[in-house]
Amino acid sequence: MNNTLKITLKTEGHCIENAAKEKLQELINTIIIRDEEDFILQSQYELLYEFIHTADFKTLRASDERLAGILPCECEIFKNVEGNIVVRIVEEHNRQ
């Protein structure tokens with residue numbers, strides 16, 4: 001069983017950086033609305049905040065058209081066993 005905290009980002013018409021920033025704002029809004037503390041939301045916020053402030057977005061966008069937002073996809077960010085943030089493309093949206 002894998003208990004790794006993961007955040008799913010969708011790059012539909014925008015790059016991974018914008019997707020991460022939009023998701024961070026969504027998390028902030030949800031945390032503010034909640035009356036009680038939510039450990040999972042706080043952990044997601046911390047992971048996403050770290051990702052936004054440490055990722056080399058120029059390199060990520062150049063590495064794959066899907067991360068550049070040219071082609072839509074879903075990707076996950078999570079920390080590997082070494083504690084490094086990893087980006088993994090999990091699904092392409094092939095709508096025709």
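Atoms considered below: every heavy atom in the structure, side chains included; atoms not considered: hydrogens, waters and symmetry mates.
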Evaluate side chain to side chain donor-acceptor pair (under 3.5 Å) for Glu82 paired with Asn84, printing each intermediate quantity in order.
-> CA-CA 6 Å; Glu82 291 85 24; Asn84 300 316; 4.6 Å; no

Please report the C-alpha distance between Asn29 and Gln25 in whole Å, then the side-chain angles of each, then the deciding distance to 0.1 Å, and finally whether the side chain to side chain donor-acceptor pair (under 3.5 Å) criterion is met.
-> CA-CA 6 Å; Asn29 292 340; Gln25 187 60 53; 3.1 Å; yes

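The line from CD1 of Ile52 to CG of Leu24 is 4.5 Å long, rounded to the nearest 0.5 Å. Atoms CG and CD1, on Leu9 and Ile77 in that order, are 5.0 Å from each other to the nearest 0.5 Å.
When all heavy atoms of Leu48 and Ala20 are compared, the pair lying nearest together is CD2-O, 3.6 Å. Across all their heavy atoms, Thr8 and Glu76 have their closest contact at OG1-CG, 4.1 Å. Of all the heavy atoms in Arg34 and Leu41, the pair that sits closest is NH1-CD1, 3.9 Å. Scanning all heavy atoms of the two residues, the minimum distance from Phe78 to Thr4 falls at CB-CG2, 3.8 Å. Nearest heavy-atom pair across Arg61 and Ala68 is O-CB, 3.5 Å. Residue Glu12 comes nearest to Pro72 through the heavy atom pair CG-CB, 3.8 Å, listed as atom of the first residue, atom of the second, then distance.
In summary, the aromatic rings of Phe57 and Phe51 are positioned with their centroids under 6.0 Å apart.
Applying the side chain to side chain donor-acceptor pair (under 3.5 Å) test to every pair with at least one member in residues 43-52, sequence neighbours left out, gives these pairs: Glu50-Lys79.
Note: the hydrophobic cluster containing Leu5 also contains Val87 (ILVMFWY, side chain heavy atoms under 4.5 Å, direct or indirect links). Hydrophobic clustering of Ile, Leu, Val, Met, Phe, Trp and Tyr side chains at less than 4.5 Å, counting indirect connections, unites Leu27 with Ile32.
Using a 4.5 Å heavy-atom cutoff, the side chains of Leu71 and Asp64 are not in contact.
Among residues two or more places apart in sequence or in another chain, the side chain to side chain contact (heavy atoms under 4.5 Å, CB included) test is passed with Asp56 by Lys58, Thr59.
Judged by distance alone, the side chain of Thr11 and the main-chain N or O of Ile16 form no donor-acceptor pair under 3.5 Å.
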